[in-house]
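Right, one structure below, let's go through it.
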Amino acid sequence: MGLFDIFHKKEKTKDTSSTLKIGDWVTQYSSGYWKVVGIFPKYADEDYSYNGTSWKKGDRLSDWIILKKGFTVKMKPSNGCEFVDAQWCKLVTDDILQSIETTFAENPKVKQKFDNAPDLPNPSVNSIWMKLSDEQVEAFSKIISNLPERFTEEQFWTNCADYLQYKTDPSNATHILYLYSYLWEVSDNFEPLNFNPEIKNV
């Protein structure tokens with residue numbers, strides 16, 4: 001499943017999707033002014049019940065909003081990219097929107113730098129501590145290099161079952177296995193999809 005395929009996944013219950021659209025300028029809990037560059041459904045990846053709030057795995061909870069930073073709160077150009085739950089986003093005022101448009105119109109280099117800045121945030125990282133010999137690392141690396149482009153953690157360990165026994169705590173680890181993911185990329189069973197596994201020395 002590709003990065004944008006999840007956008008077309010059939011929506012489940014509890015649709016609390018946002019009214020934001022790509023191109024909107026917003027504020028969020030990280031300071032500054034941010035442009036919406038991506039919107040993806042946010043699904044529950046497990047059952048949950050606490051203090052009167054509950055949902056089932058696969059319920060549509062909200063949206064993940066991909067944000068590209070353009071300016072600080074003092075309207076100084078600034079670049080960055082993050083993703084947040086839609087509940088944290090608030091449309092900028094008309095005055096701020098006018099200031100953004102004017103700044104870009106009067107400063108083409110600022111606009112160009114913003115346009116060329118990355119519009120995909122850093123992925124989430126799952127770190128797994130392992131105790132491996134050099135020979136085991138070499139063999140393990142060959143196995144993970146043949147995994148599909150996207151895979152769940154269950155699929156990973158199904159393919160690498162012989163190495164489950166080498167998971168350990170940080171005090172005994174020789175290596176760290178990194179599994180990367182974007183929280184809006186999920187399987188048909190709403191499990192997080194991982195990519196680009198890496199094994200590195202501690």
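Note that this is a predicted model, so its numbers are computed, not measured.
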- Item | Flag if over 12 foreign heavy atoms under 6.0 Å of CD, E154 | no
- Query: From F195 CZ over to R150 CZ, what is the distance, rounded to the nearest 0.5 angstrom?
  - Reply: 5.0 Å
- Query: For D45 and V186, what are the C-alpha separation, side-chain angles and deciding distance, and is it a side chain to side chain contact (heavy atoms under 4.5 Å, CB included)?
  - Reply: CA-CA 9 Å; D45 59 4; V186 295; 5.9 Å; no
- Identify the heavy atoms of D119 and I66 that sit nearest to each other, and give their distance. O-CG2, 3.8 Å
- Under 3.5 Å, side chain of N194 to main-chain N/O of F151, donor-acceptor pair present? yes
- Criterion side-chain hydrogen bond (donor to acceptor under 3.5 Å, both in side chains) on T102 and Q98, from CA distance to verdict: CA-CA 6 Å; T102 298; Q98 183 61 54; 3.1 Å; yes
- Query: Mind checking whether N126 and S181 have side chains closer than 4.5 Å, heavy atoms only?
  - Reply: no
- pair V26-K90: side-chain heavy atoms closer than 4.5 Å: no
- Query: Would you say I128 and I144 are hydrophobically clustered, going by side-chain heavy atoms of ILVMFWY under 4.5 Å?
  - Reply: yes
- Flag side-chain contact, heavy atom, 4.5 Å: S30 against E82: yes
- On a heavy-atom basis, the closest approach of S187 and L193 is N-CG, 3.7 Å
- Message: Taking M75 as the starting point, is it possible to reach V92 by hopping between hydrophobic residues whose side chains are less than 4.5 Å apart?
- Response: yes
- Item | Test item: D63 side-chain N/O and I65 main-chain N/O as donor-acceptor pair under 3.5 Å | no
- Query: Got a second to check how far T174's OG1 is from W129's CH2, nearest 0.5 Å?
  - Reply: 10.5 Å
- In terms of hydrophobic clustering (I, L, V, M, F, W, Y; side-chain heavy atoms under 4.5 Å; direct or indirect links), are V125 and W64 co-clustered? yes
- Is the shortest heavy-atom distance from the side chain of C89 to the side chain of V36 under 4.5 Å? no
- Query: Can any side-chain N or O of D24 pair as donor or acceptor with the backbone N or O of K21 at less than 3.5 Å?
  - Reply: yes
- Task: Take Y48 and W55 through the test ring-ring contact (aromatic ring centres under 6.0 Å, His included) and record every step on the way to the result.
- Result: CA-CA 5 Å; Y48 174 85; W55 55 73; 4.5 Å; yes
- Item | Euclidean distance, I199 CD1 relative to M130 CE, rounded to 0.5 Å | 7.0 Å
- Query: Hey, mind stepping through V37 and L120 against side chain to side chain contact (heavy atoms under 4.5 Å, CB included) and telling me if it holds?
  - Reply: CA-CA 9 Å; V37 296; L120 190 64; over 6 Å; no
- Message: Quick check: closest heavy atoms across S127 and Y178, and the distance to 0.1 Å?
- Response: OG-CE2, 3.4 Å
- Query: Are Y29 and W88 an aromatic pair by the rule of ring centers under 6.0 Å?
  - Reply: yes
- Task: May I ask you to decide if A86's main-chain N or O and K42's side chain share a donor-acceptor pair within less than 3.5 Å?
- Result: no
- Query: Any donor and acceptor pair, going by atom type alone, linking the side chain of N189 with main-chain N or O of E191 inside 3.5 Å?
  - Reply: no
- Task: May I ask you to check whether over 12 heavy atoms, not counting those of N116, lie within 6.0 Å of atom CG?
- Result: yes
- Query: Are side-chain heavy atoms of Y163 and L177 found at a separation under 4.5 Å?
  - Reply: no
- Query: Do you know which two heavy atoms are closest between G58 and Y43, and how far apart they sit?
  - Reply: O-CD2, 3.5 Å
- Task: Answer whether the closest heavy-atom distance between the side chains of C81 and P121 falls below 4.5 Å.
- Result: yes
- Which distance, rounded to the nearest 0.5 Å, do you find between the CZ of F140 and the CD1 of I143? 7.0 Å
- Query: Which heavy atom of A117 sits nearest a heavy atom of K68, and at what distance?
  - Reply: O-NZ, 2.9 Å
- Item | Qualifying residue, where the test is ring-ring contact (aromatic ring centres under 6.0 Å, His included) with F83 and the options are Y182, W184, W34 | W184
- Message: How close do I22 and I39 get, counting heavy atoms only, and between which atoms?
- Response: N-CD1, 3.8 Å
- Message: Are there over 12 heavy-atom neighbours, none belonging to Q165, within less than 6.0 Å of that residue's CD?
- Response: yes
- Item | Rounded distance [0.5 Å steps], CG in L97 versus CH2 in W25 | 9.0 Å
- Query: V110 and I96: same hydrophobic cluster, using ILVMFWY side-chain contacts below 4.5 Å?
  - Reply: yes
- Query: In Å and rounded to the nearest 0.5 Å, what is the CD to OH distance from E198 to Y180?
  - Reply: 3.5 Å
- Residue pair S62, Q87: steps toward the side-chain hydrogen bond (donor to acceptor under 3.5 Å, both in side chains) verdict: CA-CA 8 Å; S62 181; Q87 67 176 319; over 6 Å; no
- Message: Do L67 and Y33 sit in one hydrophobic cluster, given that two such residues count as connected whenever their side-chain heavy atoms are within less than 4.5 Å of each other, even indirectly?
- Response: no
